[in-house]
Amino acid sequence: MMMVRPTNPRCVSCLPTTLGSALTSSIISMEAHRGSSALPSFTAAVPQPQTPKPSAVTSTKLMKAYFAHGLFAHARELFDKMSHRDVVAWTAMISGYASSSQHHDALLVFREMMGEGVPPNAYTISSVLKACRGAELWPAMAAVHGLAVRCGVDSQAYVENALLDVYMASHGEGEGMHDACAIFKGIVKKTAVSWTTMIAGYVHHGDGHTAVQAFQHMLQEGVELSPFSCSAVIRACALIGSLTFGKQIHTAAVKFGYQTNLPVSNSLIDMYCRCMSLSEARQYVREMPKRDLITWNTMISGLERLNSTEALELLIEMSSHNVQPNCFTFTSIVAVCANLAILNFGQQVHGAIVRRGYGGNIPLANALIDMYAKCGNVVKSCRIFNGMDQKDLVSWTSMMIGYGNHGFAEEAMRLFDEMVSSGISPDLVVFMGLLNACSHAGLVNEGLKYLNLMVDYNVTPNQELYGCAIDLLGRSGRLNDAYELMERMPFEPDRSVWGALLGACRMHGNSSIGKFAAQRIMDQKLECAETYIMLSNIFAADGDWVEFARTRRLLKGTGSRKEAGRSWIEVRGVVSSFVAGDEHHPQMGLVYEMLCFMLGNMKTKEPVYPFISYKTFVFHSGYTASSIPLFHKLNVWHIGVFAHGKLQLALPMEEVKLPQERNGEDRREEKRKEREVAFQDLTVWSKGAV
DNA sequence: CTAGGGTTAG
């Protein structure tokens, strides 16, 4: 038995105290730097509107300067004063707005120009197409395409590439992509820009394989690698998770001297993080001669998904370099707070976000909804959700999942109806959230209703969703239905599906379906230790020792040895790690008392991954009034639920609502039964592969 | 006066 600090990044007690105070001071120092980081006083450097009338050429140049500094009103004023406005001046206005993301203004100026009967040229068309893309006005885009044809500029290089880009960006994989390919085929002289536009378009739609194919095709055609195509294809590697190909591009980038190009470097960091090669990402960042904000953000968000505590350390390092965080940075940091359930720090971050004026940023608000829900304050989530001027699909989903995890299935269902009537179509994640919410609240029929509703929204269930549905049926004891659904689904069941079914078999002591399942698992030669362990326990519970032994032999055959389920307990500042059966530990009595209590009170019979820290006690679900004294004895401040590899939620003790007590006799018998099953689980969970 | 590139959320 070792006395160690836990290494789980999600454990609150893993945050060294020094890190905690460093974080607080870094937030404070970021606040202090706000004044100095305000916009530079560029107004002095930019010419003010002049009283004597400048020539058309001078005016156009001045307009460009105003746009470059975001002084749209100045540009417009100057433009309105011009006596003769030629196509160049009009185009300068349109492109000025379009390049500053003022797409609607760009299109309004274009409409004005057409109203005055000024014929557009290739420059105008390119800028207008850019604005159409930015404003996502696809019908307008088609009209401009038609205009380009009538003006005879549609086969000019810049227009062709702009058309490629807008068609790639429109209508998803359907018509837009098809039209873009047709245009691409028609381009006689395909330049690096045309190729890059196609590659980036495929990447945008998440089709990494086609992007890589296009890239290879480009090289075959003798078009040289550019920093643009380089960063696009690196993103494609990140999408398909190909570290090997990514490294080849990395080598090529170095050969061409692009490794100092920041977009190339930053996409390389992202690629290494997404391909789970964190050490290479760290190494690369360390060797970079220059970093920008995106470099820091990319690394922080990469670590957030894999190593939350290190992401916070990087935030401190970033602030020590006087780099100011933006909304991307904050989004990752809020996600870190959710992963670690560090509500206090999360609230400080929230404060910093509001003070910096990022309160209206949708992704950031979504992350905050998720954070507060996972930290146990679903009321706060709701307040943020209701206060949003604009909500997107993720906002609704985050709120629904938050409600579902807190047991408010009805609220989640109400939100679903509201969302649909506000004109947003649900996707797979929405249905997953609803099925989980119904499953945990025992609302089987409602859950099934959503399963059948999916077809109306053209959402195709994947393996994981079937897993949810089978879990929904299985938990409520409808094992035959669960098995039938598994047979009907258009996939070979994977580990998550088998897990849901076998878990239900064990929960309800149904060995006959477990045995059916066994034959299929063996036929499939599934290389998954957990499945065999669950299976063997079903046989053990049934007293079928022949089958038990056979399953265990198969388990050994898979070669996948699960590490023993080491867990840890921290009581009053002392952390001990342990495995079940570790009899010599001085606090083993307390450890077992806690585990028995937890397992005895679980509503579900899934393996639990408990940890107790000085603030958080995490277990699966279900608690009773009798638990309160024990929580106090253990100095527990929060109660949490750890599942699917993440902390799902943590409740402060005072907010814990207790289930209705049932009368004594029933309850004792029920508890006895639960404990019996629970101890089997304890063995499975803690010993892993024996 | 015109086209292509890097980081974010469920």
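Every chain is numbered from 1 and lettered A, B, ... according to where its sequence line falls, protein lines coming before strand lines.
- Taking every side-chain heavy atom of A:I294 into account, B:dT7 is the closest of B:dG5, B:dT7, B:dC1.
- Nearest nucleotide to the A:D270 side chain, out of B:dT7, B:dT2, B:dG5: B:dT7.
- Residue pairs meeting the salt bridge (Lys or Arg N to Asp or Glu O under 4.0 Å) criterion with at least one member in residues 377-405 of chain A: none, sequence neighbours excluded.
- Among A:Y202, A:Y167, A:W195, the single residue meeting the ring pair (Phe, Tyr, Trp, His ring centres under 6.0 Å) criterion with A:F184 is A:W195.
- Spacing between atom CD1 of A:I353 and atom C1' of B:dT8 amounts to 12 Å, rounded to whole angstrom units.
- Following rounding to the nearest Å, A:N405 (CG) and B:dG10 (P) show an atom-to-atom distance of 13 Å.
- When the ring-ring contact (aromatic ring centres under 6.0 Å, His included) test is applied to A:Y372, the partners found at least two apart in sequence or on another chain are A:H350.
- Taking the ring centroids of A:F67 and A:Y97, they lie under the 6.0 Å cut-off.
- Listed by chain and residue number, A:R282, A:N307 satisfy the side chain to side chain donor-acceptor pair (under 3.5 Å) test with A:E310 (two or more places apart in sequence, or in another chain).
- Residues from residues 250-262 of chain A lying near DNA chain B, meaning a heavy-atom separation below 4.0 Å, are A:N261, A:L262 in numerical order.
- When heavy atoms are screened at a 4.0 angstrom cut-off, A:L393 is found touching base atoms of the nucleic acid.
- Using a 4.0 Å heavy-atom distance criterion, A:S332 is classed as making no nucleic acid contact.
- Between the CG atom of A:L293 and the C1' atom of B:dT8 there is a distance of 12 Å, given to the nearest Å.
- Residues satisfying the ring-ring contact (aromatic ring centres under 6.0 Å, His included) criterion with A:Y450, sequence neighbours excluded, are A:F416.
- Distances were taken from every side-chain heavy atom of A:S226 (C-beta onward) to each of B:dG5, B:dG10, B:dG4; the shortest belongs to B:dG4.
- Across all strands shown, A:T196 has heavy atoms under 4.0 Å from base atoms, whether or not it also approaches the sugar-phosphate.
- Here A:A367 lies out of heavy-atom contact (under 4.0 Å) with every strand.
- Formation of a donor-acceptor pair under 3.5 Å by the A:S381 side chain with backbone atoms of A:A373 is found in this model.
- When rounded to the nearest whole Å, the span between CG of A:D154 and P of B:dA3 equals 18 Å.
- Relative to the side chain of A:S127, the nucleotides B:dA9, B:dT2, B:dG10 differ in distance, and B:dT2 lies closest.
- A perpendicular orientation is assigned to the rings of A:F215 and A:F245, their planes being inclined by more than 60° (bins at 30° and 60°).
- Comparing B:dA3, B:dG6, B:dA9 against the side chain of A:D392 picks out B:dA9 as the nearest.
- Atom CD1 in A:I300 sits roughly 10 Å away from atom C1' in B:dT7 (whole-Å rounding).
- Here the side chain of A:N161 is nearest to one of B:dG5, B:dA3, B:dA9, namely B:dA3.
- Under 4.0 angstrom from either OP1 or OP2 of B:dG5 there lies no side-chain N or O belonging to A:R235.
- Note on A:N326: nothing from the nucleic acid sits closer than 4.0 angstrom, heavy atoms only.
- Looking at residues 87-102 of chain A, you'll see A:V88, A:T91, A:S95 sit with a heavy atom under 4.0 Å from some atom of DNA chain B.
- Between A:K130 and B:dT2 there is no side-chain N or O to OP1 or OP2 distance below 4.0 Å.
- Not a single donor-acceptor pair, N or O on each side, falls under 3.5 Å between the base of B:dT2 and the side chain of A:Y158.
- Ring pair A:F79/A:W90: centre-to-centre distance below 6.0 Å.
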Side chains of residues 123-132 of chain A: which donor-acceptor pairs under 3.5 Å do they make with residues two or more places apart or in other chains?
unit_1, atom_1, unit_2, atom_2, d
A:T124, OG1, A:T91, OG1, 2.9
A:T124, OG1, A:N121, N, 3.1
A:T124, OG1, A:N121, OD1, 2.7
A:S126, OG, A:A122, O, 2.8
A:S127, OG, A:Y123, O, 3.2

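- One can place CG of A:L303 at 16 Å from P of B:dT7, the figure rounded to the nearest angstrom.
- In this structure, CD1 of A:I249 is placed 16 Å from P of B:dG6, rounded to the nearest angstrom.
- In the set B:dA3, B:dG5, B:dT8, B:dT8 carries the atom at the smallest distance from any side-chain atom of A:N361.
- The listed nucleotides are B:dG10, B:dG4, B:dT8; the one nearest the side chain of A:R305 is B:dT8.
- Side-chain atoms of A:N297 stay outside donor-acceptor range of the base of B:dG6, with no qualifying N/O pair under 3.5 Å.
- Taking every side-chain heavy atom of A:F228 into account, B:dG5 is the closest of B:dA9, B:dT8, B:dG5.
- Taking atom CE of residue A:M198 and atom C1' of nucleotide B:dA3, one finds them 14 Å apart after rounding to whole Å.
- Within 3.5 Å, a donor on the side chain of A:T397 pairs with an acceptor on the base of B:dG10, or the reverse.
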Report all side-chain donor-acceptor pairs from residues 230-240 of chain A shorter than 3.5 Å, counting only partners two or more places apart or in another chain.
unit_1, atom_1, unit_2, atom_2, d
A:S231, OG, A:P227, O, 3.4
A:S231, OG, A:F228, O, 3.1

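- Legend: residues meeting ring-ring contact (aromatic ring centres under 6.0 Å, His included) with A:H84, ordered by chain and number and at least two apart, are absent.
- Backbone-only engagement by A:R274 is indicated by non-hydrogen atom pairs under 4.0 Å involving sugar-phosphate atoms exclusively.
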